Amino acid sequence: MLEQQLVNGLTLGVIYALIAVGYTMVYGVIELINFAHGEIYMLGAFFCATFITALGLPLWLAIPLAMLCCSLLGIMIDVVAYRPLRNAHRLAALITAIGMSIFLQNLAMVIWGSRPRAFPQDAVPAVLAEQAFSFGEVTITWLHLFIFGITFSMMIGLYLIIAKTRIGTAMRALAQNRTCCQLQGINVNRVISFTFALGSAMGAMAGILVAMFYNTLYPTMGYVAGVKAFAAAVLGGIGSVPGAMFGGIVLGIAEALGAGYVSSLYRDGVAYAVMIAVIIFRPSGILGKALVDKA
Amino acid sequence: MNKKIALPLLAVACILPFMPFTSEYMLHVFTLVMVYMVLAMGLNIVPGFCGLLDLGFVGFYGIGAYTAGLLTINYGLSFWVIVPFAALNGALWGILLGAPTLRLTGDYFAIVTFGFSELVVLFLTNEIWLTRGPLGLPGIDPVSIDLSFISKALNPAWDWYYEFDGELPYFFLALVMVLVIYGVMRRLEDSRLGRAWYAIREDPLAASSCGVNILNYKVIAFAISAGIGAVGGCFFARWTLFLSPDMFKFWESFLVLCMVVLGGLGNINGALIGAAVLVALGEVLRVVLPELGLPVETRFLFYGLIMILIMRFKPSGFLPRIAATGMQNPIIQDLKKRLDRERAAA
């Protein structure tokens, strides 16, 4: 069943990549590990499920709406929690990020309860659960393909935004040097808000996909996924968007292999071990440039 | 802390358990405060003195606690023998983790320590043959003072053996622990070692060009910090008499880090205040929330919110460290005063 594990690992890997992109972009522009990003991912799944069950929206409408809500939430988190601390000690912002993560996680627990819930299956087209291809013992469902399709189209869209648009150029410039951007008349806060919105939308999408894949969502799901996505971002070189995509996929496969060959109990441990090893031997990540220490 | 404040505080602490209003529960909370004071002082060394963010402190706390628990259960060793063992084990792991990773700076180091603490929790959860995994480790013996080998030698009828029972003896043991570690920290702060740490924190490049071996001093700092964390864990194990991997999750690291930052990074008194405030806040919320008709589970919600607010309005903590040790030097302070006077006169 290792091949099947690999397929599942790869599917999870692209989802990690989707979350990792959010971490890496925020780190790129403000050099902050946004610990609340995992919670955005969790809230994306909850918003989507709630829009379907409470408002009766169809899936194709609930997904963009959930992404929009998470984008707004991402911007709000930045404005309320991180912006006032832009010039304070780095640790202060980091603690605020962790505080925000704990706050959002517990808020979700208060609103939706702490028990895992099922993703509303009647809203999901039945065809997704069906088999699309099979090679020997490996089965690829339409859901796998759906996840791949969505993820890759979002990645390409993100690439186009970063590479081709004015605001994308501003983001890249901001990652290089904030003071210079200000001197050039770039509205730095607006670019940072845009980065948060973009990263949060992708994180929300990842949450929805995972909730559909496992058919379950719970308020603490953001923690482990967030950590793994962060590991993926580090693995690929933090601050580098292609690195985050690459890191996510590598991590997903490493996890599948680790669970298959080493021990399934240490499934989550693989992510941490890989992360520590990469940081020790290649601190700038596999695709990253050597980082000048700005601490 | 000068003697004028410290001695009365100590006196209050000694009388407190005997006050009529002090319940067993309050004693428990006081002891908990002191456990966190130890942890906060231990963690303070790394981010406070050396300026490195350590998100994995709870790993060493867990290692200390499980070392104590397992040695007690499997070999029946006494608390007094286990404390140095636990401290050495913690320091050893600190060196093992620190030596290859302390070259890293800033966030990368933070991430490695975080990964380490998560691996410790996974190890404690999964290695069931050693730790009983998620079931936890019950049946740890309480602390005891066994001087019967002396008393029996003096008079065969005497048996000087005392097993800790209830919260009171633990309160005083914790108090002694806090005092000892506080003393050690004060000595460290003003030692060659402490000055080297401050130099590294303020300007690593300048420090290294003055001949300070940065990596060595950082590894020493990390090992001492880990050792103190393990001592805290050791006490915790012999006090609660039960351990489970859940007690050593990332949340604890965050809590201790908050105490350190809230109190004022690099300030030993600040670490004490931070520990007292945050433990008290947790307990107050536990009592207040049901009164307001909110479930107790929501207290972390407020905890997170309060942390954000404190950081928003007091980003450098309650007792910001005024300057590096050099500025606290009486000669420099005297010079500063004279300078101010001259400026005022001019």
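All values derive from a computational prediction rather than experimental measurement. Residue numbers begin at 1 in each chain, while the letters A, B, ... track the order of the sequences.
Ring centers of B:Tyr66 and B:Phe123: at least 6.0 Å apart, outside the cut-off. A distance below 6.0 Å separates the ring centres of B:Phe60 and B:Phe116. Two rings, from B:Phe57 and B:Phe254, have their centers 6.0 Å or more apart.
B:Arg103 places no side-chain N or O within donor-acceptor distance of the main-chain N or O of B:Leu215, the cut-off being under 3.5 Å. With hydrogens and angles ignored, the 3.5 Å screen pairs no side-chain donor or acceptor of B:Thr131 with any backbone N or O of B:Ile128. Checking side-chain atoms of B:Thr113 against main-chain N and O of B:Leu55 turns up a donor-acceptor pair under 3.5 Å. Using a distance-only test at 3.5 Å, with no hydrogens or angles considered, no donor-acceptor pair links the side chain of A:Thr195 to the main chain of A:Val26.
Heavy atoms of other residues, nucleotides or ligands lying less than 6.0 angstrom from CG of B:Leu135 number more than 12. Atom CZ of A:Arg86 has more than 12 heavy atoms from other residues, nucleotides or ligands within 6.0 Å.
With a 4.5 angstrom heavy-atom cutoff, B:Ile306 does not touch chain A via any of its atoms. Proximity to chain B (any heavy atom under 4.5 Å) is shown, for A:Tyr82, by neither the backbone nor the side chain.
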Practice item. In sequence, state the C-alpha distance, the side-chain angles, and the governing distance for A:Lys228 and A:Glu255, and then conclude on salt bridge (charged side-chain N to carboxylate O under 4.0 Å, His left out). Key: CA-CA 10 Å; A:Lys228 285 185 186 165; A:Glu255 233 184 79; 3.4 Å; yes

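Applying a 4.5 Å heavy-atom cutoff, none of the residues of residues 18-25 of chain A approach chain B. Residues of residues 92-108 of chain A having a heavy atom under 4.5 Å from any heavy atom of chain B, listed by number: A:Ala92, A:Leu94, A:Ile95, A:Thr96, A:Ile98, A:Gly99, A:Met100, A:Ile102, A:Phe103, A:Asn106, A:Leu107.
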